Chemist: 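Shown below is the structure under consideration.
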Amino acid sequence: QREQFTSLQSVRSGIEMAILSLASQACSTPLPQALATYSTPESSEMPIISPSKLLPINGIVTREAPMGLQSAIRGSGRRSAGSDTISYPSVKVKVGHRHSKEDANALVQSLSTVSSFSIDDSTGKRAGGVRADANRAWNEEGVLDFVAALERIDPEVIDRIEFIEEPLQRMGDFSEQVKALEELYKTTGIRYALDESIAELAEANNYNFAPIADSFRETFFGQGRAYGCSALVLKPALLGIELSMQLARMAHNELGIGAVFSSSFDSGVGLAYASFLASVADALPSANTLNKYPHGLGTFDMLNGDTLSPAFKSYVKIDGTLQVVTLGRALYGLGLDDMRDLIGPQGEPQDSSDSDIEKSDGLPSDEAEEAPEKLQQAKQYQATTSTGSAGREISVQVSLPLPFSDAIACARFSDLPQQSRWSPWLNSVAYLDAGGETEWTLNVRGVQYKWRAISKILD
């Protein structure tokens, strides 16, 4: 049973998501803030997720993309006037299954779509760039051919490569794999990131963090410092939520390298949870002195649909950053306690129509007597409208009983991008900047109106 369970890490990850969602409801806090507050209660290293938190994510160029086509970069082209195309701060290019010259050309061309690039001379921190993902497609000769092709096209492109994910074929166990990658780094000067090696190490140790951490320490320090590793690529759908976060903390605190959270073509729900982990990891004080690489969550544009409504993509700004706090509020749904008055004895929602009042016969006698009264109360509400003296101001006030707390009601209503979900006229509400300014789009009888506003919650 243990072997069968560990082979289905996506199931484990889903169960962990459900548990975290329930825990978030229990502490009445949206998930990003709840994870930041309660993930390390005994530690002084408390991450802070601010309301203006924006998480950088990277775009992707697939192996199937024809060489030379800018449209091959999913959503990562530069924004043109009047366009909502996303310009990501980093782009990942899949390499290793074409001729080295074609791979090199694809990488160089992707640089023109990156929003910005800079290196801080004092700290060495990078902003903007490209990364390659070989998925262990090359032997050493293949990697050297690729690097040589890059240098022939543009020698300066080497400095803009963040890292190559797993460039070498499997060379042995975890320790031998890292040793081979270190030798390659000394030869080429291009840094690497670990991906498949982590999944294999986790599986070999039954996803138990303690022996996994020991293997990292022995490999990174026992054999001499591993200087070429830039980051650990962590996929919660394959590793599990808890183990991914433990590895991220170890990467920052002990190894002194980055932690990049990545998707396995997850739905919007999986992407959301990965983004919450990424935002907490990036907010750790120990991460402030490290390179914070954009996270691999740009796969949403490669799916035809989404399980979230609004879709995950709607929370991504045109500069390739994700509005984590807003997304967290959107996933902060109703708990079972909040819904207890609307759930029947067998877990079926109660219909509030008059014709269904007789269904209360299935309830205990005391609850059956209260059921008609509750249904009647649910129908009661008060609404008033007034117009200003100049005729330019219309005020609408509505009062009605809700089957959940006022805190949840306020959190839902004040999450402005969600307004279009329940308003039949609103097309969209989108934040324009961290200062809180929003743009509203309204359709009335075929006429579209747009305006900008700054909303405040009154005491």
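All of these numbers come straight from a predicted model, not from anything done at the bench. Along the sequence shown, the residues carry numbers beginning at 1. Hydrogens, waters and symmetry mates are skipped; everything else that's a heavy atom, side chains included, is used.
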Chemist: I'd like to know if Arg249 and Glu254 make a salt bridge, using a cut-off of under 4.0 Å between side-chain N and carboxylate O.
Modeler: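 Not counted as a salt bridge, because no side-chain N and carboxylate O are separated by less than 4.0 Å.
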
Chemist: Using only atom types and a distance under 3.5 Å, with no angle test, would you say the side chain of Thr326 pairs donor to acceptor with the backbone of Gln323?
Modeler: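 No; judged by distance alone, with no hydrogens or angles, the pair does not exist.
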
Chemist: Please step through salt bridge (charged side-chain N to carboxylate O under 4.0 Å, His left out) for the pair Asp266 and Lys235, ending with a clear verdict.
Modeler: CA-CA 10 Å; Asp266 303 349; Lys235 297 177 178 177; over 6 Å; no

Chemist: Applying side-chain contact (heavy atoms from CB on, under 4.5 Å) to Thr187 and Val147, what does each step give before you reach the verdict?
Modeler: CA-CA 10 Å; Thr187 302; Val147 174; over 6 Å; no

Chemist: Kindly determine whether Tyr431 and Glu437 satisfy side-chain contact (heavy atoms from CB on, under 4.5 Å), including the steps that lead there.
Modeler: CA-CA 6 Å; Tyr431 281 102; Glu437 186 178 14; over 6 Å; no

Chemist: Using a 4.5 Å cut-off on heavy atoms from C-beta on, say whether the side chain of Leu322 contacts that of Phe312.
Modeler: yes

Chemist: For the atom pair CD1 (Ile153) and CG (Leu107), what is the distance rounded to the nearest 0.5 Å?
Modeler: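 Ile153 atom CD1 to Leu107 atom CG measures 9.0 Å (nearest 0.5 Å).
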
Chemist: Looking at Glu165 and Lys92, does any basic side-chain N land under 4.0 Å from a carboxylate oxygen?
Modeler: yes

Chemist: Test side-chain contact (heavy atoms from CB on, under 4.5 Å) on Leu111 and Val157 and set out the steps.
Modeler: CA-CA 9 Å; Leu111 283 170; Val157 74; 3.2 Å; yes

Chemist: Which distance, rounded to the nearest 0.5 Å, do you find between the CG of Leu284 and the CG of Asn253?
Modeler: 6.5 Å

Chemist: Can you tell me how far CG of Leu181 sits from SG of Cys229, rounded to the nearest 0.5 angstrom?
Modeler: 8.0 Å

Chemist: Measuring only between side-chain heavy atoms, which start at C-beta, is Val93 closer than 4.5 Å to Arg131?
Modeler: no

Chemist: Could you tell me whether Glu183 and Lys186 have a side-chain N and a carboxylate O separated by less than 4.0 Å?
Modeler: yes

Chemist: Check Gly320 against Tyr88 and note the closest heavy-atom contact, atom names and distance.
Modeler: CA-CD2, 3.8 Å

Chemist: Using a 3.5 Å distance criterion without hydrogens, assess whether the side chain of Asn139 forms a donor-acceptor pair with backbone atoms of Glu141.
Modeler: yes

Chemist: For Gly256 and Leu290, work out which heavy atoms get closest and say how close.
Modeler: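 Smallest heavy-atom distance, with atoms named: O-CD2, 3.4 Å.
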
Chemist: If you measure from CG on Leu303 to OG on Ser267, what distance do you get to the nearest 0.5 Å?
Modeler: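 Output value for this atom pair is 8.0 Å.
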
Chemist: Identify the two heavy atoms, one from Ala259 and one from Ala251, that lie closest to each other, and give their separation to 0.1 Å.
Modeler: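 Minimum heavy-atom separation between Ala259 and Ala251: CB-CB, 4.4 Å.
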
Chemist: State, to 0.1 Å, how close Ser215 and Phe174 come at their nearest heavy-atom pair, and which atoms those are.
Modeler: O-CE2, 4.1 Å

Chemist: Does the side-chain contact (heavy atoms from CB on, under 4.5 Å) test come out yes or no for Phe146 and Ile164, once each step is laid out?
Modeler: CA-CA 11 Å; Phe146 172 70; Ile164 301 179; 4.0 Å; yes

Chemist: In plain terms, say whether Glu182 and Arg191 are close enough for a salt bridge, that is, a side-chain N and a carboxylate O under 4.0 Å apart.
Modeler: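 Looking at Arg191 together with Glu182, the answer is no, because their closest N to O distance does not fall below 4.0 Å.
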
Chemist: With a sphere of 6.0 Å drawn around CD of Glu242, does it hold more than 12 non-hydrogen atoms of other residues, nucleotides or ligands?
Modeler: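 Open.
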
Chemist: Do Pro294 and Glu162 touch side chain to side chain, with heavy atoms closer than 4.5 Å?
Modeler: yes

Chemist: Quick check: does any side chain N or O of Glu166 sit under 3.5 Å from a backbone N or O of Asp195, one acting as donor and the other as acceptor?
Modeler: yes

Chemist: Checking the side chain of Asp103 only, and the main-chain atoms of Val95 only, is there a donor and an acceptor separated by less than 3.5 Å?
Modeler: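 Not confirmed, Asp103 side chain does not pair with Val95 backbone.
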
Chemist: How many angstroms lie between CG in Leu55 and OG in Ser279, if you round to the nearest 0.5 Å?
Modeler: 6.0 Å

Chemist: Under a 4.5 Å cut-off applied to non-hydrogen side-chain atoms, are Ile198 and Leu239 in contact?
Modeler: yes

Chemist: Any donor-acceptor pair under 3.5 Å linking the side chain of Asn58 with the backbone of Gly296?
Modeler: yes

Chemist: Between Ser24 (side chain only) and Thr29 (backbone N and O only), is there a donor and an acceptor less than 3.5 Å apart?
Modeler: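 Yes, because the side chain of Ser24 sits within donor-acceptor range (under 3.5 Å) of the backbone of Thr29.
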
Chemist: Over all heavy atoms of both residues, which pair between Gln177 and Ser197 is shortest? Give the atoms and the distance, please.
Modeler: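 Residues Gln177 and Ser197, closest heavy atoms: CG-OG, 3.4 Å.
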
Chemist: With Met17, which residues qualify under side-chain contact (heavy atoms from CB on, under 4.5 Å), at least two apart?
Modeler: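 Expected list: Ser13, Ile241, Val269, Tyr273.
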
Chemist: Does Gln246, at its CD atom, have more than 12 non-hydrogen atoms belonging to other residues, nucleotides or ligands within less than 6.0 Å?
Modeler: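 Counting neighbours around CD of Gln246, more than 12 heavy atoms of other residues, nucleotides or ligands fall under 6.0 Å, so yes.
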
Chemist: Kindly indicate whether the side chain of Ile318, heavy atoms from C-beta on, has any atom under 4.5 Å from the side chain of Ser87.
Modeler: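 No - every pair of side-chain heavy atoms lies 4.5 Å or more apart.
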
Chemist: What are the two closest heavy atoms between Phe163 and Ala193, and how far apart are they?
Modeler: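 Scanning both residues, the minimum pair turns out to be CD1-CB, 3.5 Å.
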
Chemist: Rounded to the nearest 0.5 Å, how far does OG1 of Thr438 lie from CD1 of Ile454?
Modeler: 8.0 Å

Chemist: Spell out, as yes or no, whether a donor-acceptor pair under 3.5 Å connects the side chain of Asp173 to the backbone of Glu176.
Modeler: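 Such a contact is found between Asp173 side chain and Glu176 backbone.
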
Chemist: Measuring only between side-chain heavy atoms, which start at C-beta, is Arg136 closer than 4.5 Å to Met171?
Modeler: no

Chemist: Any Lys/Arg nitrogen of Asp145 or Lys101 sitting under 4.0 Å from an Asp/Glu carboxylate oxygen of the other?
Modeler: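 Answer for the salt bridge query: no.
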
Chemist: Could you check if a side-chain atom of Met250 sits within less than 4.5 angstrom of a side-chain atom of Phe216, using non-hydrogen atoms only?
Modeler: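 They are in side-chain contact.
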
Chemist: Answer yes when Asp301 and Lys313 have at least one side-chain N-carboxylate O distance shorter than 4.0 Å, and no when they do not.
Modeler: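 Salt bridge flag = yes for Lys313 with Asp301.
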
Chemist: Taking the side chain as every heavy atom from C-beta outward, state whether His295 and Ser275 have any pair of such atoms under 4.5 Å apart.
Modeler: no

Chemist: Are the side chain of Thr321 and the backbone N or O of Lys317 linked by a donor-acceptor pair below 3.5 Å?
Modeler: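 No, the answer is negative, given that no donor and acceptor are paired below the 3.5 Å cut-off.
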
Chemist: Among Lys94, Gln169, His97, which residue meets the side chain to side chain donor-acceptor pair (under 3.5 Å) test with Asn135?
Modeler: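 Of the listed residues Lys94, Gln169, His97, the side chain to side chain donor-acceptor pair (under 3.5 Å) partner of Asn135 is Lys94.
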
